[in-house]
Student: 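One structure coming up, written as structure tokens, with questions to follow.
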Amino acid sequence: MEEELQLQVEVQVEVEVPCYFLCPISLAIMRDPVTLPTGITYDRDGIESWLLTAATCPLTKQPVPADCDPTPNHTLRRLIQSWCALHAADGVDRVHTPKPRTDRAAVATLVSRVHAAATTGSSAPQPQQQLLAALRELRDVAAESDRNRKLVAAVPGAVEVLAAVFEASANAKSEGTAAAVRDEALEVISSLQVPEQCLRRVAETNDALVSALVSALQLSSAASRARAALLLERVTAALPPSRLVSLPELAFREAVELLRDRPAVSRSATKAALHVLVRTAAWGRNRVKAVDAGAVPVLVDMLFDDGAERRACELVLAALERLCGCAEGRADLVAHAAGVAAVGRKALRVSEVATDKAVRVLRSVARHAATAAVVQEMAQAGVVATLCLVAHSEQYAERTRERARETLRLHARAWRTSPCLHHHLQVVYPC
């Protein structure tokens with residue numbers, strides 16, 4: 001009984017937090033209060049995240065300059081700290097003095113140092129060392145937090161400067177200061193959250209950027225190759241079709257080589273290379289380049305990676321669908337000892353997206369590359385049975401089912417009498 005009364009007393013004793021200690025955005029006690037020019041105080045994390053996507057004060061809706069750096073409210077912070085210490089016995093966490101944080105002006109100054117060192121003539125004392133030192137400082141700043149990376153990307157001209165530095169040092173030898181400059185510039189720019197419009201502008205004004213990234217894919221460092229692949233994926237997503245159709249053959253060879261070396265690189269780099277193939281192979285000329293680079297057998301082999309992620313399997317099938325849009329791609333697929341069977345094997349095991357892509361690949365083969373041997377192989381490998389299941393299963397989209405039925409009708413006469421098909425499948429076999 002006494003314990004119940006004590007518990008009731010503890011529940012009734014609640015600490016009321018002064019309203020001016022709460023951030024208007026998070027409604028939590030502010031740990032690093034800062035004030036905008038509008039006179040409203042917010043917690044630093046909340047308002048800085050807000051200002052990265054909006055240019056107004058959340059409460060007053062008044063415009064806030066893009067280069068605004070909120071002013072620390074030390075008086076309010078000390079009041080909050082004193083109040084929290086006073087109520088520590090009531091379970092209120094103490095608020096510690098925040099560590100000094102990198103502000104916009106400091107980041108802009110650091111970017112200016114990188115630009116100045118990169119444009120200094122060779123007569124200056126150790127210009128490459130100065131550039132390398134500035135890049136390493138910028139790398140450390142960007143590595144601290146997502147907030148800092150957003151600040152770096154928001155500095156006008158920062159992405160352009162880093163891209164120019166990377167391009168200028170892209171062909172450096174594997175060792176030395178120039179190579180270190182290349183690696184540092186690549187690490188920084190690949191870590192930034194650069195808007196697609198900015199990437200498009202940089203790539204369109206710097207023709208050598210794609211070539212520099214392709215050169216980086218040839219490096220021995222797995223980390224550098226992964227960063228180059230991730231950045232190449234974002235660049236190809238930003239480039240217009242008129243630029244994508246003219247990608248060099250070396251870009252496809254290195255992307256395929258990255259897929260071939262997938263045990264030695266990260267999964268994110270593997271998926272980036274797949275995205276590049278899917279995106280760029282939308283045009284016939286690029287499809288032939290990818291096929292000539294040996295993409296089809298590598299993609300088929302990836303279908304046998306049972307530990308692969310669902311999204312990776314979908315991308316592999318999407319890439320095969322693209323490449324089977326040309327005669328060379330279809331020829332490579334049917335020439336692979338397990339090509340057709342591998343596609344059919346994944347049709348029912350991954351996802352609805354993968355099923356649709358697999359059916360598209362099989363339809364393309366059945367329509368354009370179906371020799372008597374291929375038709376027989378499709379029946380023997382269970383591909384026809386898989387198509388029957390897709391065609392008659394309501395769990396798939398109607399378009400996917402119709403593609404499966406269309407594929408079956410192409411060689412219905414040969415497959416209907418095949419001894420490889422189970423009897424109940426022959427009964428429901430479409431004419």
Student: For Leu135 versus Val188, what's the shortest heavy-atom pair and its separation?
Tutor: O-CG2, 4.2 Å
Student: Could you report the tightest heavy-atom contact between Arg31 and Arg77, atom names first, then the distance?
Tutor: O-CD, 4.0 Å
Student: Between Pro297 and Asp332, what is the shortest heavy-atom contact and its length?
Tutor: CD-OD2, 4.4 Å
Student: Is Arg201 paired with Glu160 through a side-chain N to carboxylate O contact shorter than 4.0 Å?
Tutor: yes
Student: Would the number of heavy atoms belonging to other residues, nucleotides or ligands and lying under 6.0 Å from CD of Glu394 be above 12?
Tutor: no
Student: Does the pair Thr270 and Met302 meet the rule for a side chain to side chain contact (heavy atoms under 4.5 Å, CB included), with working shown?
Tutor: CA-CA 11 Å; Thr270 299; Met302 291 180 70; 3.8 Å; yes
Student: So which heavy atom on Leu162 is nearest to which on Leu138, and how close?
Tutor: CD2-CD2, 4.0 Å
Student: Got a salt bridge between Glu254 and Arg225, using NZ or NE/NH1/NH2 to carboxylate O under 4.0 Å?
Tutor: no
Student: I'd like to know if Glu402 and Arg399 make a salt bridge, using a cut-off of under 4.0 Å between side-chain N and carboxylate O.
Tutor: no
Student: Which heavy-atom pair separates Ala153 from Val159 by the least distance, and what is that distance?
Tutor: O-CG2, 4.5 Å
Student: Return yes when atom CZ of Phe304 has more than 12 non-hydrogen atoms of other residues, nucleotides or ligands closer than 6.0 Å, and no otherwise.
Tutor: yes
Student: Between Glu314 and Arg310 (salt bridge meaning N to carboxylate O under 4.0 Å), is one present in this structure?
Tutor: yes
Student: Regarding Arg113 and Glu137, does a basic nitrogen lie under 4.0 Å from an acidic carboxylate oxygen?
Tutor: yes
Student: Assess whether a salt bridge exists between Glu406 and Arg403, defined as any Lys/Arg side-chain N lying under 4.0 Å from an Asp/Glu carboxylate O.
Tutor: no
Student: Looking at residues at least two apart in the chain, or sitting in another chain, which of them share a ring-ring contact (aromatic ring centres under 6.0 Å, His included) with Trp83?
Tutor: Phe21, His87
Student: Would you name the heavy atoms of Val374 and Ala369 that are closest together and state the gap between them?
Tutor: CG2-O, 3.6 Å
